[in-house]
2 protein chains.
Amino acid sequence: MTQRPTRPRPRPGSRHPARARLTDGHLANVYSAACPSRQALDRIADKWTVLIIGALERGPLRFGQLRDAIDGISEKMLTQTLRSLERDGLVARQDHGTTPPQVDYRLTALGTTLAAPVAAVRAWAERYIVEVEDARTAHDLGQG
Amino acid sequence: MTQRPTRPRPRPGSRHPARARLTDGHLANVYSAACPSRQALDRIADKWTVLIIGALERGPLRFGQLRDAIDGISEKMLTQTLRSLERDGLVARQDHGTTPPQVDYRLTALGTTLAAPVAAVRAWAERYIVEVEDARTAHDLGQG
DNA sequence: CAGAATCCTGTGAGATACTG
DNA sequence: CAGTATCTCACAGGATTCTG
């Protein structure tokens, strides 16, 4: 999904071996893959994560409701992503212990803080999708 | 990366066949995978996309500068993602036609509108990474 | 330098079946 | 209902080499 804990570690014998310098502060916005906030980004910048956070924005939902709300997600990915979000303290899982089982998911306080940025991205997508599509068809026409 | 044009199309014979209803407006934030803004999201919610947009935020960069600025990206993924961004009208490529070749990339006007939301997400990551890590270790300790 | 072309592998992710 | 367990495979994506 996104957690790739056993990332093969960029082999030292690579062709672009770190490329060390960056002598001046010219490229200040460099942050290494090891940088914690980069890892957080890697986690957040994920399709299903964004969609789940978005779906939970308005309140708790049950497993099945999430599955239905997020078109195209498989139960497997839903479960996996929810587990990750739970682990990262963004989503809380509440099992009511009833039978048939009833479990719901809600954003934690931390998760709520993420909802705003995510909503901004979604808003962008909704606002500018037309421009993107236009650019795309224009580009494709140009290329044949 | 994100473009998976030949996605095997969620087979109609699937076990959760659309699940049709959603009778009431209860889950208003459902948008199907076919919905355009969903597709835009699928494109945007990508690790490399976010990082490239972020890197170009402050001004044009050349290919090598981007490669160096974005730790962990391979030349292949950089090229691919740049091509996609170009196609979507978010990034403009300028080839100076010199030898040795010199090409630089900059955000288009459209791309610039995306920089803000993306920056918000990055800001979130930087601000809350600690909480996420804490939650994670707490959770992992709880589970053994 | 900025890529294109190739080869190869890990894993993201769907399909299916089983269970309390 | 809310999962878990498997099997499977396409493809994302890294490594490497080549070129104008």
Side-chain angles (χ1 to χ4, degrees), chain A residues 1-19 33 42-43 45-49 51-52 60-86 91 93-105, chain B residues 1-19 33 42-43 45-49 51-52 60-86 91 93-105:
Chain A
M1 212 223 60
T2 294
Q3 80 246 66
R4 187 191 307 219
T6 49
R7 170 92 65 85
R9 304 274 91 213
R11 244 70 260 297
S14 172
R15 193 184 150 213
H16 350 294
R19 259 212 180 58
D42 293 356
R43 255 303 269 98
D46 169 71
K47 177 178 160 183
W48 299 132
T49 295
L51 290 169
I52 291 180
L61 289 177
R62 301 182 50 187
F63 185 87
Q65 293 178 308
L66 276 169
R67 183 192 51 210
D68 293 347
I70 302 172
D71 186 57
I73 196 171
S74 66
E75 297 189 344
K76 179 184 171 185
M77 288 317 297
L78 180 54
T79 302
Q80 268 183 31
T81 310
L82 282 171
R83 291 287 174 275
S84 293
L85 290 171
E86 209 187 329
V91 160
R93 174 193 141 107
Q94 184 167 16
D95 188 336
H96 297 182
T98 61
T99 75
Q102 181 167 343
V103 179
D104 54 34
Y105 297 89
Chain B
M1 213 219 61
T2 294
Q3 80 243 70
R4 187 190 305 223
T6 48
R7 170 90 66 83
R9 304 273 93 211
R11 243 73 258 296
S14 171
R15 193 185 149 213
H16 351 293
R19 251 200 190 66
D42 292 357
R43 259 298 272 100
D46 169 71
K47 178 179 159 182
W48 299 132
T49 295
L51 290 169
I52 291 181
L61 288 178
R62 300 182 49 187
F63 185 87
Q65 293 179 309
L66 277 169
R67 182 193 50 209
D68 294 347
I70 302 172
D71 187 57
I73 196 170
S74 66
E75 296 189 344
K76 180 183 172 184
M77 287 318 295
L78 180 54
T79 302
Q80 266 183 33
T81 311
L82 282 171
R83 292 285 175 276
S84 292
L85 290 172
E86 209 187 330
V91 160
R93 175 192 140 109
Q94 184 167 16
D95 188 335
H96 296 184
T98 61
T99 78
Q102 181 166 343
V103 179
D104 53 34
Y105 296 89

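We name chains A, B, ... by the order of the sequence lines, and we start the count at 1 in each one.
- Taking the C1' atoms of five terminal pairs at each end of the helix from C:dC1-D:dG20 to C:dG20-D:dC1, the two resulting helix axes are inclined by 50°, rounded to 10°.
- Between B:Asp42 atom CG and C:dA13 atom P there is a gap of 11 Å when expressed in whole angstrom units.
- At a threshold of 4.5 Å between non-hydrogen side-chain atoms, the residues A:Leu82 and A:Leu66 count as touching.
- Between the side chain of B:Thr98 and the backbone N or O of B:Pro100 there is at least one donor-acceptor pair closer than 3.5 Å.
- Spacing between atom CG of A:Leu78 and atom C1' of C:dA15 amounts to 16 Å, rounded to whole angstrom units.
- With distances taken from any side-chain atom of A:Trp48 to the nucleotides C:dA13, D:dG3, C:dG3, the minimum falls on C:dA13.
- When distances run from any side-chain atom of B:Val103 to the nucleotides C:dA2, D:dG13, D:dG3, the shortest one goes to C:dA2.
- Protein atom CD of B:Glu75 is 15 Å distant from nucleotide atom P of C:dA5, rounded to whole Å.
- For A:Arg83 and D:dG3, the shortest distance from a side-chain N or O to OP1 or OP2 is below 4.0 Å.
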(message) Go through it in stages, so that I can follow the logic: the residues are B:Tyr105 and B:Val91, the test is side-chain contact (heavy atoms from CB on, under 4.5 Å), and I'd like the CA-CA distance, side-chain angles, deciding distance and then a yes or no.
(response) CA-CA 7 Å; B:Tyr105 296 89; B:Val91 160; 3.9 Å; yes
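- Here C:dA13 presents its P atom at 14 Å from CG of A:Leu82, a figure rounded to the nearest Å.
- In this entry the distance linking CG of B:Leu61 with P of C:dG3 reads 13 Å, nearest Å.
- At the heavy-atom level, B:Thr99 lies nowhere under 4.0 Å from the strands shown.
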(request) Decide yes or no on side-chain contact (heavy atoms from CB on, under 4.5 Å) for A:Leu78 and A:Ile52, but give the supporting numbers first. (result) CA-CA 8 Å; A:Leu78 180 54; A:Ile52 291 180; 3.7 Å; yes
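- Between B:Phe63 atom CZ and B:Glu75 atom CD the span is 5.0 Å, to the nearest 0.5 Å.
- By the side chain to side chain donor-acceptor pair (under 3.5 Å) test, B:Gln102 pairs with no residue at all, sequence neighbours left out.
- In terms of phosphate contacts, A:Arg93 brings a side-chain nitrogen or oxygen within less than 4.0 Å of OP1 or OP2 of D:dG3.
- In terms of phosphate contacts, B:Arg62 brings a side-chain nitrogen or oxygen within less than 4.0 Å of OP1 or OP2 of C:dA2.
- Between B:Glu86 atom CD and C:dG3 atom P the separation is 9 Å, expressed in whole Å.
- What separates CZ of A:Arg67 from P of D:dT4 is a distance of 14 Å, to the nearest Å.
- Between A:Lys76 and A:Pro101, it is A:Lys76 whose nearest contact on DNA chain C lies nearer the 5' terminus.
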(request) Go through the steps for B:Lys47 and A:Asp46 under the test side-chain contact (heavy atoms from CB on, under 4.5 Å), then give the verdict. (result) CA-CA 7 Å; B:Lys47 178 179 159 182; A:Asp46 169 71; over 6 Å; no
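- For B:Gln65 and C:dA2, the CD to P distance is 8 Å, given to the nearest whole Å.
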